[in-house]
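Okay, so here's the structure we're looking at.
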Amino acid sequence: MMRRRQVLAGTAGVVAAQVAGPGLAQTKPVLDAGLPAGVGTSATLEALPGKKPLIKLSYRPPNYETPMGVFKDVITPNDSFFVRWHLADIPEVDGAKWALNVDGKTPLSLSLAQLKSDFTPAEIVAVCQCSGNRRGLSDPHVPGVEWGYGAMGNARWKGARLKDILAKAGVPDGTIEVQVDGADKGLLDKTPDFVKSIPLSKALDENTLIAYEMNGAQLPHFNGFPARLIVPGWTGTYWMKALTSIKPLTKPDDNFWMKAAYRVPAKLFPSVERFTSQETAANTPITEILVNSIITSHANGEKVKAGPLTVKGIAWDGGFGIRDVEVSTDGGKSWSTATLGADLGRFSFREWSFPVTARAGKLSILARASNGAGQTQVAKALFNPAGYHHNVFHHVTVDVA
Ligand SMILES: Nc1nc2c(c(=O)[nH]1)N[C@H]1C(S)=C(S)[C@@H](COP(=O)(O)O)O[C@H]1N2
Ligand SMILES: [Mo]
């Protein structure tokens with residue numbers, strides 16, 4: 001408790017000012033200066049049922065971002081985990097009545113109890129990061145939810161392996177993709193239902209789970225109760241929440257959310273994992289998370305005393321493993337290697353720390369991570385129309401007195 005209060009008091013990303021409204025006190029988050037001006041005036045810190053206050057970017061559908069201070073912990077608590085939905089009709093699922101329908105040679109309908117008892121449980125710590133995390137920092141700005149740094153979270157997921165479920169249902173010959181759907185719907189009939197597919201190879205990967213536990217508890221409603229797809233290494237768009245159906249497909253899925261959304265220009269990003277059945281000459285579905293890191297110990301404008309201090313942060317990638325994190329305190333002229341913390345697995349946030357001797361004045365801190373695939377964060381964002389894959393070096397400037 002004390003810890004959290006200190007976090008709230010000490011980090012500019014979550015410093016809360018009370019803004020008096022008509023009979024209502026609203027809490028304003030302090031946001032990154034790079035966000036569009038309108039975000040700063042409209043975003044509030046607000047708690048959804050069962051959640052701690054998160055940065056509200058839209059209410060219907062709910063899009064709520066995790067404040068920076070939460071990332072001081074390498075595991076993101078369920079009640080602070082970000083919330084991202086595309087459609088406004090999100091039913092409260094009754095776990096006792098819920099069924100997961102699986103198409104195949106012998107179609108299955110699994111209850112929550114069967115999902116838990118009929119398949120060997122597997123556990124994995126993995127980052128769920130929205131493709132559009134930090135979209136709000138795109139220069140020039142692009143349309144979409146104007147996320148800052150917090151459209152991501154790291155949790156320990158427990159569930160059944162998708163490959164075991166598919167084996168039980170029997171994968172038809174010629175299957176190339178596996179399609180997933182959730183309980184949410186649009187408010188208008190013409191709104192395309194949020195449906196996604198993944199390549200069969202990814203569906204059969206032993207790390208791909210149907211999770212019914214998140215950090216040892218049932219999934220919060222807003223994070224996909226009673227079960228969601230976990231696609232470690234890949235961006236959040238594939239992590240279907242409140243899952244209702246799984247369908248092997250013998251043709252590429254051509255629904256709106258595959259054909260038109262969540263695509264990046266061909267060859268722009270250094271992704272390793274491809275989704276070949278969905279590629280066109282112009283673009284490709286977004287796949288794995290690019291290597292990235294943030295500084296969590298200090299926030300922009302924070303005041304510190306001169307002398308020794310430890311800069312800390314987290315680094316993560318699409319599962320190739322963090323090779324190193326480097327820190328620069330001279331604006332990127334020279335870089336020194338940080339010490340990596342405990343390894344919770346290649347899909348998890350990895351803590352890092354770096355000692356600095358702060359002298360009076362402004363202390364500029366830059367961090368950049370590299371991964372096992374030989375990729376490094378970028379100094380300047382690779383512009384793309386949807387603002388995906390923002391992995392520019394994180395820069396924090398503190399005031400030393
Ligand atoms: N049913 C459903 N699942 C969904 C979505 C959605 O709109 N509906 N959004 C996806 C996207 S784009 C992201 S980034 C993650 C966000 O997961 P979270 O809300 O648990 O943080 O959920 C994914 N799963
Ligand atoms: Mo997303």
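Numbering of ligands and ligand atoms starts at 1, following listing order. Basis for what follows: all heavy atoms, side chains included, without hydrogens, waters or symmetry-related copies. Being a predicted model, the structure only gives us computed values, none of them experimental.
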Under 4.0 Å from a heavy atom of [X]: which atoms of ligand 1 are those, numbered in the order shown and with their elements?
X	result
Asp184	1 (N), 2 (C), 6 (C), 7 (O), 8 (N)
Cys130	14 (S)
Phe81	21 (O)
Tyr262	12 (S)
Val83	19 (O)

Among all the protein's non-hydrogen atoms, which is closest to [atom], and how far away is it?
atom	result
atom 3 (N) of ligand 1	Lys241 N, 2.9 Å
atom 21 (O) of ligand 1	Phe82 O, 2.7 Å
atom 23 (C) of ligand 1	Gly236 O, 3.2 Å
atom 5 (C) of ligand 1	Phe194 CE2, 3.3 Å

*Could you please spell out the steps behind the side chain to side chain contact (heavy atoms under 4.5 Å, CB included) verdict for Ile165 and Leu115?*
CA-CA 9 Å; Ile165 295 170; Leu115 183 66; 3.7 Å; yes

We want to know whether [X] and [Y] form a side-chain donor-acceptor pair, criterion being a heavy-atom distance below 3.5 angstrom.
X	Y	answer
His394	Ser293	no
Asn215	Arg156	no
Asp181	Ser245	no
Ser109	Asn101	yes

Using distance alone, determine whether [X] and ligand 1 share an N or O pair under 3.5 Å.
X	answer
Ala242	no
Asn223	yes
Thr237	no
Trp239	yes
His86	yes

_Any Leu87 heavy atom less than 4.0 Å from ligand 1_ =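 Flag not set, Leu87 not near ligand 1.
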
_Contact with ligand 1 for Arg228, non-hydrogen, under 4.0 angstrom_ =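 It does, in that a heavy atom of Arg228 comes within the 4.0 Å cut-off of ligand 1.
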
*Evaluate the criterion salt bridge (Lys or Arg N to Asp or Glu O under 4.0 Å) for residue pair Glu351 and Lys312; output intermediate values, then yes/no.*
CA-CA 7 Å; Glu351 286 178 307; Lys312 289 186 188 164; over 6 Å; no

*Mind checking whether Tyr238 contacts ligand 1 via backbone (N, CA, C, O), side chain (CB onward), both or neither, at a 4.0 Å heavy-atom cut-off?*
neither

*CE on Met240 to OG on Ser197, rounded to 0.5 Å*: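 Between Ser197 OG and Met240 CE, I get 9.5 Å after rounding to 0.5 Å.
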
*Side-chain donor/acceptor of Glu146 to backbone N/O of Leu57, under 3.5 Å*: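 Absent.
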
*When Arg228 is tested against each of Asn223, Ile210, Leu243 for side-chain contact (heavy atoms from CB on, under 4.5 Å), which residue passes?*
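Only one option passes, and that is Asn223.
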
*Answer yes or no for Lys51 and Phe222: cation-pi contact, defined as NZ/CZ to six-membered ring centre under 6.0 Å and angle to ring axis within 45°.*
no

*When you look at CZ of Arg323, are more than 12 heavy atoms from neighbouring residues, nucleotides or ligands closer to it than 6.0 Å?*
yes

